[in-house]
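Below is one structure, written out as structure tokens; comments come after it.
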Amino acid sequence: MIDRSKIEEPVAVEFRQFNDDFASSLRSETNRLQAAIDMILRSSGKHIRPLLVLLTAKACGQVTDQSINSAVLLELLHTATLVHDDVIDETKQRRGLPSLNAIFDNRVSVLVGDYLLSTALGRSIQTGDLRIVGIISNLGRDLSEGEIKQLETADESIIDEARYMQVISKKTATLISACAEIGALSARADDETIAICRDFGRDLGYAFQIKDDIFDYFKNANIGKPTGNDIREGKVTLPLLYALREDRGGERETFRDIILRKDFTDAHVEALIDFAKRMGGIEYAEAKMRSFRDRAIETIKRLPESEAQRSLISLADYIVERNK
């Protein structure tokens, strides 16, 4: 497994600044809101997105104050989407801990998400760069569209790989692409370099989401969500999509019927997972994930070689090799 601390080395000082700034950006005199904020800070993840902002900025020249501010606002925006997603999906766990809506009610969780989003928008203004403000505005719209498209796909039981790719483009790839693009912008990179970073982030985002979706087919306490949770919510992800497309043995119609009827009993979810595995769905998804990773690496190699550029390559490998 790739050592995460090694990836962070080129921006270790700036990453500590980000962590301090992120924590200090979340303060409230309202007791319940502050309690929710404290819970968010305790359960924060690996901060891959702000790390990507900082590494991209460094690879393009230097990490500026605008880079750190951008890293904070993007993590605030990402955290807001997680809080809202947990309410929409009625998720009770995140990263192995109770989700915000499991501790508080949905009303408080939605308002906390709104608070995070408003704070992020305020930070985007502080960058003083209308290009960054524009990216954030478009990103908020894309994330909302992606969530709605995913709900439509689940509600209508749409079993289609092209539709799946559209969803993860809006829900994940656009955010990670924005992180890399804004990192380059904050370093005052030229247009060609900014485009390279944007394309790198997009393919990295596809790889990231496919990896997350593969986790749902295995029992692993580190992941923090039950095996088969996506299927229970009607989300047919890449391994199962492949199995349903490729099956010639007569099981496909049985499993399609389960999905269309939304008959997601524990036994049926287990059977769907087993079917995806037997049909080679995991291998297909992993190959697709590695293809996006490889394309991302080839893109970022177009930047001048540096310690930060090598860390971006390692980050791409880390994303596909991680175990949670």
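Since the structure is predicted, the reported quantities are computational estimates derived from the model, not experimental observations.
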Distance-only, no hydrogens or angles: does the [X] side chain make a donor-acceptor pair with backbone N or O of [Y] under 3.5 Å?
X      : Y      : value
Ser291 : Ala287 : no
Ser67  : Leu54  : no
Asp216 : Asn229 : yes
Thr193 : Ala189 : no
Thr30  : Leu33  : no

Counting only heavy atoms not in [X], do more than 12 sit closer than 6.0 Å to its [atom1] atom?
X      : atom1 : value
Asp65  : CG    : no
Asp190 : CG    : yes
Arg27  : CZ    : yes
Asp191 : CG    : no
Lys6   : NZ    : no
Glu152 : CD    : yes

So, do [X] and [Y] sit near enough that their side-chain heavy atoms are less than 4.5 Å apart?
X      : Y      : value
Phe218 : Thr227 : no
Gln126 : Asn69  : yes
Leu244 : Val236 : yes
Ile210 : Val320 : no
Asp247 : Phe275 : yes
Thr127 : Ile182 : no
Phe215 : Lys211 : yes
Tyr206 : Ser169 : yes

Among all residues two or more places apart in sequence or in another chain, which pass the side-chain contact (heavy atoms from CB on, under 4.5 Å) test with Arg4?
->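 Arg4: side-chain contact (heavy atoms from CB on, under 4.5 Å) contacts with Glu8, Phe15, Lys46, Ile48, Leu51, Tyr318.
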
Test log, rule side chain to side chain donor-acceptor pair (under 3.5 Å), inputs Ser157 and Lys262 = CA-CA 8 Å; Ser157 300; Lys262 297 179 173 55; 2.9 Å; yes

Test: [X] and [Y] ion pair at under 4.0 Å:
X      : Y      : value
Glu161 : Lys288 : yes
Arg293 : Asp203 : no
Arg322 : Asp212 : yes
Lys170 : Glu145 : yes
Glu298 : Lys301 : yes
Lys171 : Asp85  : yes
Arg261 : Asp257 : yes
Arg252 : Glu246 : no
Asp21  : Arg123 : yes
Arg278 : Asp274 : yes
Arg232 : Asp266 : yes

Between Tyr217, Tyr242, Tyr164, which is the residue that forms a side-chain hydrogen bond (donor to acceptor under 3.5 Å, both in side chains) with Thr237?
->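 Running side-chain hydrogen bond (donor to acceptor under 3.5 Å, both in side chains) over Tyr217, Tyr242, Tyr164 with Thr237 returns exactly one hit, Tyr217.
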
If you measure only the distance, is there a donor-acceptor pair under 3.5 Å linking the side chains of Gln209 and Thr172?
->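 Thr172 and Gln209 do have a side-chain donor-acceptor pair below 3.5 Å.
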
Verify whether one side chain among Gln150 and Arg163 offers a donor that lies under 3.5 Å from an acceptor in the other.
->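 Note: Gln150 and Arg163 side chains miss the donor-acceptor criterion.
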
Check whether [X] and [Y] end up in the same hydrophobic cluster, where Ile, Leu, Val, Met, Phe, Trp and Tyr are linked by side-chain heavy atoms less than 4.5 Å apart.
X      : Y      : value
Ile148 : Leu117 : no
Ile159 : Ile231 : yes
Ile37  : Leu73  : no
Leu82  : Val167 : no
Leu151 : Leu260 : no

Looking only at heavy atoms, which two atoms of [X] and [Y] are closest? And how far apart?
X      : Y      : answer
Leu77  : Ala120 : N-CB, 3.9 Å
Gln34  : Ser28  : OE1-N, 2.7 Å
Cys197 : Cys60  : SG-SG, 3.6 Å
Thr56  : Leu312 : OG1-CD2, 4.0 Å
Ser25  : Val72  : OG-CG1, 4.0 Å
Ala187 : Ala57  : CB-O, 3.4 Å

Does anything in residues 108-118 pair up under side chain to side chain donor-acceptor pair (under 3.5 Å), and if so which pairs, sequence neighbours excluded?
->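 Qualifying pairs: His84-Asp114.
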
Which pairs pass side chain to side chain donor-acceptor pair (under 3.5 Å) with one or both residues in residues 307-316, sequence neighbours excluded?
->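 Those involving residues 307-316 are Glu305-Arg310.
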
In Å, rounded to the nearest 0.5 Å, how long is the span from CG of Leu315 to CD1 of Ile7?
->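 Rounded to the nearest 0.5 Å, the CG-CD1 separation comes out at 5.5 Å.
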
Inter-residue atom distance Arg49.CZ - Glu75.CD, 0.5 Å rounding |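 Those atoms lie 7.0 Å apart.
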
Can you label the angle between the Phe22 ring and the His47 ring as parallel, tilted or perpendicular, going by 30° and 60°?
->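 Rings of Phe22 and His47: perpendicular, as their planes differ by over 60°.
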
Take Val87 and Leu100 through the side-chain contact (heavy atoms from CB on, under 4.5 Å) test and state the conclusion after the steps.
-> CA-CA 9 Å; Val87 172; Leu100 200 66; over 6 Å; no

Evaluate the side-chain contact (heavy atoms from CB on, under 4.5 Å) criterion for residues Leu26 and Asp38: first the C-alpha distance (whole Å), next the side-chain angles of each, then the deciding distance (0.1 Å), finally the verdict.
-> CA-CA 9 Å; Leu26 296 173; Asp38 291 341; over 6 Å; no

Are Phe208 and Met289 close enough, and set up right, to give a side-chain contact (heavy atoms from CB on, under 4.5 Å), and what steps lead you there?
-> CA-CA 8 Å; Phe208 186 97; Met289 173 188 67; over 6 Å; no

What's the verdict on side-chain contact (heavy atoms from CB on, under 4.5 Å) for Leu74 and Ile136, showing C-alpha distance, side-chain angles and the deciding distance?
-> CA-CA 8 Å; Leu74 283 159; Ile136 296 301; 3.7 Å; yes

